[in-house]
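Following: one structure in structure tokens, then a few remarks.
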Amino acid sequence: MTEHIVSAGAMTGSLGKMHVQLQNGQPVDYQLPVGEQLLPLNELLGHRLSMEYLGEIHCCHCGRKTKKSFNQGYCYPCFRKLPQCDSCIVSPEKCHYHQGTCRDPAWGEQFCMTEHIVYLANSSGLKVGITRASQVPTRWIDQGASQAMAFIRVGTRQQSGFLEVLFKEFVNDRTNWRAMLKGPAESLDLLTSAHDLLALNASRITELQEQFGIQAIQPVASSTVLAIDYPVLEYPTKVTSQSFDKQALIEGTLLGIKGQYLLLDTGVINIRKHTAYQVRVTAH
């Protein structure tokens, strides 16, 4: 599908996860996919934005009309059969590729049996997470992190999951999205936190290296912390969530974008949650 960038006006189509781009010294640049069009959002800050839900959801994989969205945009049959909707995506330590039971081995080879990183981020406080190496820094931006750094590289998604399980005994693995949307997180010393986590888990990391090979699990040499700024005119003092499941029309003045959320003067909306919803978007 070819997407076309438009500046303003009305457009109709299926919502998609916002596209992000980060350039040094600049706030994250956001574009909102609506069908085959991309709406640049940064230039709309301070302007009125209307989003009308048209009453239909079409699966982001097969296009089937569905009454309910599963796993952010899929119909139920796709949710039940696709590898990207399997439980091991949420809990990668439960990967069963090696057992020969992957829902789609070719997909698993491309997305799971590839280099991953374990990272520390600061969105609503210190958290540990994992992602494919190719998804840096997109993953961090999608979570609304103000700071982030990779500190271990591994050979597969499952290996990153094993490490995350170890580290989340000491560090949170979730983002408090309401706190994240109230403003930039207070700056943290991620380098020291990473050093401490490695020291606390040295023997258990060694055990994993003995199991998978020392080259498969390696701390990142010369880790650097990435600072991320977001296009926000004003943060909400009270975070009020809005959803097309409760109201067909969501509109207001666009005050900011952070993570996968639009911050309107009337409330916030999680765009990723509404993937595949058919909408009419009007920028005034």
For residues Phe111 and Tyr74: do they belong to one hydrophobic cluster (side chain heavy atoms under 4.5 Å, members Ile, Leu, Val, Met, Phe, Trp, Tyr)? no
Does a donor on one side chain and an acceptor on the other come within less than 3.5 Å for Glu251 and Thr266? no
Kindly indicate whether the side chain of Phe151, heavy atoms from C-beta on, has any atom under 4.5 Å from the side chain of Ile117. no
Return the minimal non-hydrogen interatomic distance between Ala145 and Ser123, and the atom names on each side. CA-CB, 3.8 Å
I'd like to check Ile217 versus Leu163 (side-chain heavy atoms, cut-off strictly below 4.5 Å). Are they in contact? yes
Between Ser91 (side chain) and Cys88 (backbone), is there a donor-acceptor pair under 3.5 Å? no
Has Glu186 got more than 12 heavy atoms of other residues, nucleotides or ligands less than 6.0 Å from its CD? no
If you apply the rule salt bridge (charged side-chain N to carboxylate O under 4.0 Å, His left out), what do you find for Arg157 with Glu115, and how did you get there? CA-CA 7 Å; Arg157 184 174 178 83; Glu115 185 179 64; over 6 Å; no
Flag yes if Tyr30 and Leu22 sit in one hydrophobic cluster, no otherwise; membership is Ile, Leu, Val, Met, Phe, Trp, Tyr, and two members link when side-chain heavy atoms are under 4.5 Å apart. yes
What heavy-atom pair brings Ala276 and Gly73 nearest, and what distance separates the two atoms? CB-O, 3.6 Å
Contact check, side chains of Lys65 and Ile57, non-hydrogen atoms, under 4.5 Å: no
pair Ile250-Gln247: side-chain heavy atoms closer than 4.5 Å: yes
State whether the side chain of Arg178 and the backbone N or O of Val239 hold a donor-acceptor pair below 3.5 Å, judged by distance alone. yes
Heavy-atom closest pair, residues Gln278 and Ser14: NE2-CB, 3.2 Å
Enter the distance from Gln31:CD to Gln21:CD here, rounded to the nearest 0.5 Å. 7.5 Å
Checking Val279 against Phe244 for the side chain to side chain contact (heavy atoms under 4.5 Å, CB included) test, could you report, in this order, the C-alpha distance in whole Å, the side-chain angles of both residues, the deciding distance, and whether it holds? CA-CA 10 Å; Val279 299; Phe244 291 126; 3.9 Å; yes
Any link between Met149 and Leu166 through a network of hydrophobic side chains (Ile, Leu, Val, Met, Phe, Trp, Tyr) touching at under 4.5 Å? yes
For the pair His284 and Ser50, evaluate side chain to side chain donor-acceptor pair (under 3.5 Å) and give the outcome as yes or no after the intermediate values. CA-CA 8 Å; His284 302 278; Ser50 300; 3.2 Å; yes
Distance col, row Glu210:CD vs Glu207:CD, nearest 0.5 angstrom, shows 7.0 Å
Spacing of CG belonging to Asn270 relative to CD belonging to Gln242, to within rounding of 0.5 Å: 12.5 Å
I would like to know whether Leu49 and Thr253 meet side chain to side chain contact (heavy atoms under 4.5 Å, CB included); could you show each step before the answer? CA-CA 6 Å; Leu49 190 67; Thr253 300; over 6 Å; no
Do Val154 and Tyr97 land in one hydrophobic cluster if side-chain heavy atoms of ILVMFWY residues count as linked below 4.5 Å? no
With rounding to the nearest 0.5 angstrom, report the CG to CG distance, Leu126 to Leu190. 6.5 Å
Would you mind reporting whether Leu208 and Phe212 have side-chain heavy atoms less than 4.5 Å apart? yes
Between the main-chain N or O of Pro231 and the side-chain N or O of Lys258, is there a donor-acceptor pair closer than 3.5 Å? no
Keeping the roles fixed (side chain from Thr156, backbone from Gln159), state whether a donor-acceptor pair exists under 3.5 Å. yes
Pair His96-Asp86, side-chain donor/acceptor within less than 3.5 Å: yes
I'd like to know if the side chain of Glu56 pairs up with that of His58 as donor and acceptor (distance under 3.5 Å, no hydrogens or angles considered). yes
Determine the minimum heavy-atom distance between Leu44 and Ala283, stating which atoms define it. CD1-CB, 3.7 Å
Verify salt bridge (charged side-chain N to carboxylate O under 4.0 Å, His left out) between Asp245 and Lys68, making sure each step is shown before the conclusion. CA-CA 9 Å; Asp245 297 331; Lys68 181 180 179 181; over 6 Å; no
Does Asp29 use its side chain to pair, donor to acceptor, with the backbone of Pro40 at less than 3.5 Å? no
Are the ring centres of Phe70 and Tyr76 closer than 6.0 Å? yes
Take atom CZ of Arg174 as the centre, draw a 6.0 Å sphere, and report whether it contains more than 12 heavy atoms from other residues, nucleotides or ligands. no
Whether the side chain of Arg103 engages the backbone of Arg80 through a donor-acceptor N/O pair (distance < 3.5 Å, no angle test) should be reported. yes
So, taking the atom named CD in Glu234 and the one named CG in Leu45, what distance separates them when rounded to the nearest 0.5 Å? 12.0 Å
Interatomic distance, CG@Leu41 vs NE2@His19, rounded to 0.5 Å, equals 11.0 Å
Within the 3.5 Å criterion, strictly below it, is a donor on His116 or Thr131 matched to an acceptor on the partner's side chain? no
Decide whether Ile269 and Leu233 are clustered together by the hydrophobic rule: side chain heavy atoms of Ile, Leu, Val, Met, Phe, Trp, Tyr closer than 4.5 Å, transitively. yes
Step by step, would you call Lys127 with Tyr119 a side chain to side chain contact (heavy atoms under 4.5 Å, CB included)? CA-CA 8 Å; Lys127 76 175 291 287; Tyr119 64 85; 3.7 Å; yes
Considering non-hydrogen atoms only, spot the tightest contact between Cys60 and Gln72 and give its length. SG-O, 4.4 Å
Check: Tyr261 and Ile271 side chains under 4.5 Å, non-hydrogen atoms: no
Nearest atoms (heavy-atom pairs only) where Ser243 meets Lys273: OG-NZ, 3.9 Å
For the pair Val281 and Leu39, evaluate side chain to side chain contact (heavy atoms under 4.5 Å, CB included) and give the outcome as yes or no after the intermediate values. CA-CA 9 Å; Val281 179; Leu39 178 64; 4.0 Å; yes
So with a 6.0 Å cut-off around NZ of Lys94, is the heavy-atom count from everything else above 12? no
Check for a donor-acceptor pair, side chain of Gln218 on one end and backbone N or O of Ile214 on the other, with a separation under 3.5 Å. yes
Compute whether any side-chain donor of one residue and acceptor of the other, for Thr175 and Ser124, lie under 3.5 angstrom apart. no
Distance-only polar pair, side chains of Gln147 and Asn122, donor-acceptor under 3.5 Å: yes
By ring pair (Phe, Tyr, Trp, His ring centres under 6.0 Å), Phe170 pairs with (sequence neighbours left out) none
Tell me, do Leu226 and Trp140 make a side-chain contact under 4.5 Å, heavy atoms counted? yes
Decide yes or no for Leu262 and Leu254: does some side-chain heavy atom of the first lie under 4.5 Å from some side-chain heavy atom of the second? yes
